[in-house]
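Throughout, a chain's letter reflects where its sequence line sits, starting with A, and its residues are numbered from 1. Heavy-atom basis, side chains included; hydrogens, waters and symmetry copies ignored.
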2 protein chains.
Amino acid sequence: MNDLEVRQLRYFVAVAEELHFGRAAERLGMAQPPLSRTIRDLERQLGVTLFERTTRQVKLTGAGEVLLRDARTALEAVTAAARRARHAGSAAPRLRIALKADIDGGLLPQILDAYSTDPAALPPDLVLGGFGAQPQAVRDGLADVALVLRPVDDRGLDSEPLLTEQVLVAMAATDPLAARNQLCLADLAGRSLPNGAPADDGRTSSPPPGVTTPASNLSEIFSLVETGSIVFFAPLSVARRNPRPGVAYRPVSDLPNCTLAVAWPHDARSPAVAAFVRAAVEVAHHAHAHAETHMHSGTA
Amino acid sequence: MNDLEVRQLRYFVAVAEELHFGRAAERLGMAQPPLSRTIRDLERQLGVTLFERTTRQVKLTGAGEVLLRDARTALEAVTAAARRARHAGSAAPRLRIALKADIDGGLLPQILDAYSTDPAALPPDLVLGGFGAQPQAVRDGLADVALVLRPVDDRGLDSEPLLTEQVLVAMAATDPLAARNQLCLADLAGRSLPNGAPADDGRTSSPPPGVTTPASNLSEIFSLVETGSIVFFAPLSVARRNPRPGVAYRPVSDLPNCTLAVAWPHDARSPAVAAFVRAAVEVAHHAHAHAETHMHSGTA
DNA sequence: ATCATTCATACCTCCAGGGTATCAATAGCG
DNA sequence: CGCTATTGATACCCTGGAGGTATGAATGAT
């Protein structure tokens, strides 16, 4: 009934992922026999068989599969604890804000402005990452707070919605479909998407119309859009701030709206995180109240 | 650099809770010097000071407080992984349902009924626990799914609301306040509550009017209510199913409604859990529809 | 100033985690 | 059907580190 150790979990995950003791041992930088022994001890300790193994094949049992899931989240929790403690103890702690470039609803400057007036504010660091990487960054303790697009994998996170926006499709102005004012997803079947587009997170969202094409930033994406190589789903605020002659934005009838939200670890207690969340909600509320006229940031 | 170990986290939590190396060591069943050394190594490893210590006083630094929180959740995750793996590997797995006796909105029989018809259903086990213990039971891997009253500490859990009910106060029929039809919390200031009453979870809910009195089950509580020793907050369904001559139920104007919800671990993938959630939501939906039709004569 | 308390240091012991060598079982093949 | 290659399990050894004991050092109390 002794407790599990991180080492055991890490070894187990390696074997579960490789389904091969030799390769797993190599990946772990150790020899195969002690790995086999550790897994055997783990099974004894849990009173459960985790792998069905013959000399030719290793596969997970049911219990092994549930442990794989839980072990991963437990390991995440442990490494996050270390990261956050390291960061909290650093001489000049900062607030690390995870977001995807350009996906901030245009609110980021104002949020940072409002946030910086809070006495609890720490200097902000922007942690940029690909689409969908923000929640993981927060979970892993690489960031303290994040701006995310819902729906999102929010295990371990609390979040507060900021604003909901229509999602438009960006396409070449010369595209035949651009002549129409209303499209639906079916019309886009077969078009290429940039990798990591907002509407393409693979979980609850719309079925991807076609293949994806690698592109990392907006200017790359827009060049591809202009040439008609891809189409691209963009929230309204992104579309507004990126008017381009060669690009037409069109609403898509059956594409769900996306919601920008601020997210933080469930158990966050840092005043700086609280201050940022407060600022974000406040700014979003204002922006919403002032409807869609224009917004004065205007402090000095 | 190197990863944290469960042992380090456990030792750290013990010291952080005791704020005393000697007592912490005793609690851990070990001598004090290796404990001190382990904490020192942990600090070196993280590059962070976790405790301010003099020979007369030990207290947490900011980084220490951050780590305490994260360490607790990480340890929870680890022990939950072990418990769930053990359970999943057991020969006859069952679905362990955590709930507080009598707090099921009267739906439990129907839910179990509906659930049992699902082909994925496992035999149910009821895991009874005090108020507020259910989420922890799920987090710790002692239960697979829970019926909880919101608001609730749902770190690590997903949940789906089943039904929202008015909360009434139960008091002795002879109580002067029972003569009135509408009360507010202020009227109840100074009254005793049973320990673990729904409206007394200490987080987001109402300020507790007064002291609490220990009582573990409904019949004990009702005897105390009848004698006027305590008042008691009860959801409508509980009130309905427990009409007692000596007890009067009255609405409280400024008491927020409570919501019964079904909750499960974020990463649950067990078909049995899914079946139970499905059954619960379905039954609640039906019950709700029924209630609406009956409510045409309704109260305000 | 003295003492008691309590955390840190020094040093020792021993177990367990890791390595090497080898066995054993199975699949593939002629 | 027997040979071989692959791969997980077993046997055994060795070393690092976790834990114990003895003791020092700092601080608050009297």
CD (E65(B)) with more than 12 external heavy atoms under 6.0 Å
yes
Within the supplied structure, the quantity of interest is the number of heavy atoms (other residues, nucleotides, ligands) at a distance under 6.0 Å from E5(B) CD; does it exceed 12?
yes
Walk along nucleotides 23-30 of chain D from 5' to 3' and tag each nucleotide B, S or - by protein heavy-atom contact under 4.0 Å, base first, then sugar-phosphate.
---BBS--
Spacing of L35(A) atom CG relative to dA9(D) atom P, expressed in whole Å:
9 Å
Using only heavy-atom distances, determine whether the side chains of E76(A) and Q136(A) contain a donor-acceptor pair under 3.5 Å.
yes
Checking all strands, does R37(B) fall into the base, sugar-phosphate, or nothing category for heavy-atom contacts under 4.0 angstrom?
base
Check R96(B) with D144(B), please: is the shortest side-chain N to carboxylate O separation under 4.0 Å?
yes
How many Å lie between CZ on F21(B) and P on dG19(D), as a whole number?
15 Å
Any idea which of dG19(D), dT21(D), dG8(D) is nearest the R53(A) side chain?
dG8(D)
So Y115(A) and F276(A), would you call those rings parallel, tilted or perpendicular, with 30° and 60° as cut-offs?
perpendicular
Roughly, in whole Å, what's the span from NE2 in H20(A) to C1' in dA9(D)?
14 Å
Under 4.0 Å, counting only non-hydrogen atoms across every strand here, what does Y11(A) touch: a base, just sugar-phosphate, or nothing?
sugar-phosphate
Report yes or no: do Q45(B) and Q8(B) form a side-chain donor-acceptor pair below 3.5 Å?
yes
Tell me, please, the opening and closing nucleotides of DNA chain C, 5' to 3', among those with an atom under 4.0 angstrom from a non-hydrogen atom of chain A.
dG17(C) to dA27(C)
Evaluate the side-chain proximity of Q134(B) to L147(B): yes if any heavy-atom separation is below 4.5 Å, no if none is.
no
Would you say the ring centers of F21(B) and Y11(B) fall short of 6.0 Å from each other?
no
